[in-house]
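Taking it in order: structure first as structure tokens, then the write-up.
Just so we're on the same page: letters track the sequence lines, and every chain starts at 1.
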Amino acid sequence: MGIAGNKQTLSNRFRADYCGLLSPARELSPVRLAGWVHRKRDHGGLIFIDLRDHTGLCQLVIQPEHHELFTQAEQLHAESVICVEGIVVPRAEGAVNPRLASGEIEVMVSLIAVESHAQPLPFPVADEVQTSEELRLKYRFIDLRREKIHDNIIFRSRVTAAIRHYLEEKDFIEIQTPILTSSSPEGARDFLVPSRLHPGKFYALPQAPQQFKQLLMVSGFPRYFQIAPCFRDEDARADRSPGEFYQVDMEMAFIEQSDLFAILEGMIEHLTRTMSQKCITQFPFPRISYKEVMNRFGTDKPDLRIPLEIQDVTPLFVGSGFKVFANNTVAGSCVKALVLKGRGNESRLFYDKAEKRAKELGSGGLAYIQFKAEGPKGPVVKFLLEADLSTLKSHLGLETGDVVFFGAGKWESTCKIMGGMRSWFGDLFTLDKEELSFCWIVDFPMFEYNEEAKKIDFSHNPFSMPQGEMEALENMPPLDILAYQYDIVCNGIELSSGAIRNHKPEIMYKAFGIAGYSREEVDQRFGHMIEAFKLGAPPHGGIAPGLDRLVMILRDELNIREVIAFPMNQQAQDLMMSAPSEVTLAQLRELHLKVELPKKEEGKG
RNA sequence: GGAGCUGUAGCUCAGUUUGGUUAGAGCGCCUGCCUGUCACGCAGGAGGUCGCGGGUUCGAACCCCGUCAGCUCCGCCA
């Protein structure tokens, strides 16, 4: 137990002292300890017990002179809860255990009171062997005794405390917003809660306190924050828990994008410096436009530590003899290249695997050229002229021994495929896990073209302020309009999105008009927001970094469950509490609900 | 909704490629021995519907089909 505090002061009949805090300073003084039997070593004539509490471990010694005490100790099992009294004694020279904080001393026990006999556990606490997720989640209360995850939860508490402290210093006000609220028409699927008092009507759990925090700005609170639970009925990922998660939800009035960046950078720098050994690559965080990040990294959440960049080679293939590339030199399409220095002489398998990955990412294939000492090699070489190859070489800075991979097609999908390859090839490099490479992704487009619906849609939050405001909406081609919409990204993980909001009703009507909504429809769907903005709304903006992801990054965890005390599994079930579960007919009746399950298909599968 | 990986003792895993007597190991558990260990040591013992169902076969943990569960990815998701 590495990171628990040292301000344990409570002294009562159970304990007056703490295992991890004992040191030679307490030599020969009587102590009263309580905790779990971490390990027992029974030598027949002498028994050692490692006692564990929240602060750490301490070795107890039980000598055979007290027969009753010795018999008690003999019968103890791992994870039983005991309270002991004894005397702190220095360990003999050579018997010191440098791996234990309390390793210079041990406690000669004079009294043992067993508070709880533990039966054999489904999995060991002391040996932190890999255990199946299923068992760990079912017996989460045992899993949480294990040092690593126990420390993660303590660390998370420290992070939230530090965030509160930092933001309160900056005049932020913490305000709780409702959990039972109304369904919002945009975004993820809602969790619904039936209303007993209003038959046939439902509350929805908030996907985020988005509208509330904006309304708090209208109410004149200049800076709001909340460690806010958010509920979205969407599927899980390693970095995304199903159902519910926490955001450090923030909103500020009378600010511009750069003001918000400065405050958030300050908070993250503070957390990193005070809570970790990690180091931030660049400060202030680099700002990269959406278009640039897609062109260079092929994703809007790049891991900037990977020393690879995608390059554009579209102009080089205008009129090329290789039709697949030449056909993608038209507007809206592109040809992209990704160079791997010194990887031009790998086995055929290396390139085949890369192509397989590209196909998994949705590409038709993965053209490549190996620049070997004996000349260029690869499936597309035969389509290219000598001149094309040398232009390529000088344009991309290619040398003998290098390989270049190509992607061609529609701009966005090609960028994404090459971005997927960039992060796949990222495994070839050793990334410094003590490095936090933060960046802001800015200048997201306000609108995008929806191919299926053949219409213009909002590409992100419809309440974001368009850059250039009304003038831009009236005069610019819609797809060229940018929004004050930004993401903060660290090491390939998106921590949060945020935006400067649109607080002007007329601009909102205009923006919704471009996306095909009439004034009446907007009033119907977002009437209360628009109404609020007609009654005196300050300019405002905000962001909401994911707390779980922030803790993951600071603790080097790859799975979000490792930083959540009681997480659900991938199927959004709580295996410990058996949620979700069926309810009684009486409960359903009171809520005016009737369950109709889908019929299972008969016969063969 | 789709794809991949995994499923053998309480736990972690070997055995499956190439079907063949009674399915193994370490830890844990039970019994005994052991006064300086710290993953204590030593001896003995118990513990299995090989996820489940069906099929092929003289014979299935192993091959085939289906199904369930867990994880990872795509879709989805601020």
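Residues passing the salt bridge (charged side-chain N to carboxylate O under 4.0 Å, His left out) test with A:K433 are A:D556, sequence neighbours excluded. Considering only residues two or more places apart in sequence or on other chains, A:R223 meets the side-chain hydrogen bond (donor to acceptor under 3.5 Å, both in side chains) condition with none of them. The side chain to side chain contact (heavy atoms under 4.5 Å, CB included) check on A:A95 picks up A:R91, A:A92, with sequence neighbours excluded. Judged as a ring-ring contact (aromatic ring centres under 6.0 Å, His included), and not counting sequence neighbours, A:H528 has no contacts. A:Q59 is linked by a side-chain hydrogen bond (donor to acceptor under 3.5 Å, both in side chains) to A:R41, A:E106, counting only residues two or more places apart in sequence or in another chain. Under the rule for a side chain to side chain contact (heavy atoms under 4.5 Å, CB included), the partners of A:K410 that lie at least two apart in sequence or sit in another chain are A:S413. Contacts of A:Q257 classified as side chain to side chain contact (heavy atoms under 4.5 Å, CB included), with partners at least two apart in sequence or in another chain: A:F261, A:V442, A:Y484, A:Y486, A:I500. Residues forming a side chain to side chain contact (heavy atoms under 4.5 Å, CB included) with A:Q570 (at least two apart in sequence, or on another chain): A:A236. A:R237 pairs by the side-chain hydrogen bond (donor to acceptor under 3.5 Å, both in side chains) definition with nothing, not counting sequence neighbours.
Listed by residue number, the members of residues 411-425 of chain A with any heavy atom below 4.0 angstrom from RNA chain B form an empty set.
Counting distance only, with no hydrogens placed and no angle test, the side-chain atoms of A:R232 and the base atoms of B:C77 include no donor-acceptor pair under 3.5 Å. Contact of A:R240 with B:C76 (side chain to base): a donor-acceptor pair of N or O atoms is detected under 3.5 Å. Side-chain atoms of A:E106 and base atoms of B:G36 include a donor and an acceptor less than 3.5 Å apart. Not a single donor-acceptor pair, N or O on each side, falls under 3.5 Å between the base of B:G70 and the side chain of A:R136.
Distances shown here put a side-chain N or O of A:H77 below 4.0 Å from the OP1 or OP2 atom of B:C30.
Among the heavy atoms of the strands, none lies under 4.0 Å from A:Q119. When heavy atoms are screened at a 4.0 angstrom cut-off, A:E494 is found touching base atoms of the nucleic acid.
Remark: B:C5 base-pairs with B:G70. Criterion, Watson-Crick or G-U wobble with two distances under 3.5 Å. Pair assignment for B:U56 gives none, since no Watson-Crick or G-U wobble pairing has each distance under 3.5 Å. Within the shown strands, B:C42 is the pairing partner of B:G32 under the Watson-Crick or G-U definition, both distances less than 3.5 Å.
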| query | What string of B, S and - do you get for nucleotides 5-14 of chain B, 5' to 3', when a contact is any protein heavy atom under 4.0 Å? | reply | -----SSS--
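With B:G1, B:C73, B:U37 as the candidates, the nucleotide lying closest to the side chain of A:D235 is B:G1. In the set B:A78, B:G70, B:U72, B:A78 carries the atom at the smallest distance from any side-chain atom of A:S497. Minimum atom distance to the side chain of A:R237 is reached by B:C73, of the listed B:G70, B:C73, B:A78.
In this pair, A:F285 and A:F438 present their aromatic rings parallel. The plane angle is below 30°, not in the 30 to 60° band.
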Below 3.5 Å between N/O atoms, which protein atoms pair up with nucleotides 38-42 of chain B? Just atom names and distances, please.
residue, atom, partner, partner atom, Å
B:C38, O4', A:R41, NE, 3.1
B:C38, O2, A:Q59, OE1, 3.3
B:C38, O2, A:N97, ND2, 3.1
B:C38, N3, A:R91, NH1, 2.6
B:C38, N4, A:R91, NH1, 3.3
B:C38, N4, A:A95, O, 2.5
B:A39, OP1, A:R99, NH2, 3.1
B:A39, OP2, A:R99, NH1, 3.2
B:A39, OP2, A:R99, NH2, 2.2
B:C40, OP2, A:R41, NH1, 3.0
B:C40, N4, A:D42, O, 2.5

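Of the C1' atoms belonging to B:A14 and B:G48, the separation is 15 Å, rounded to the nearest Å.
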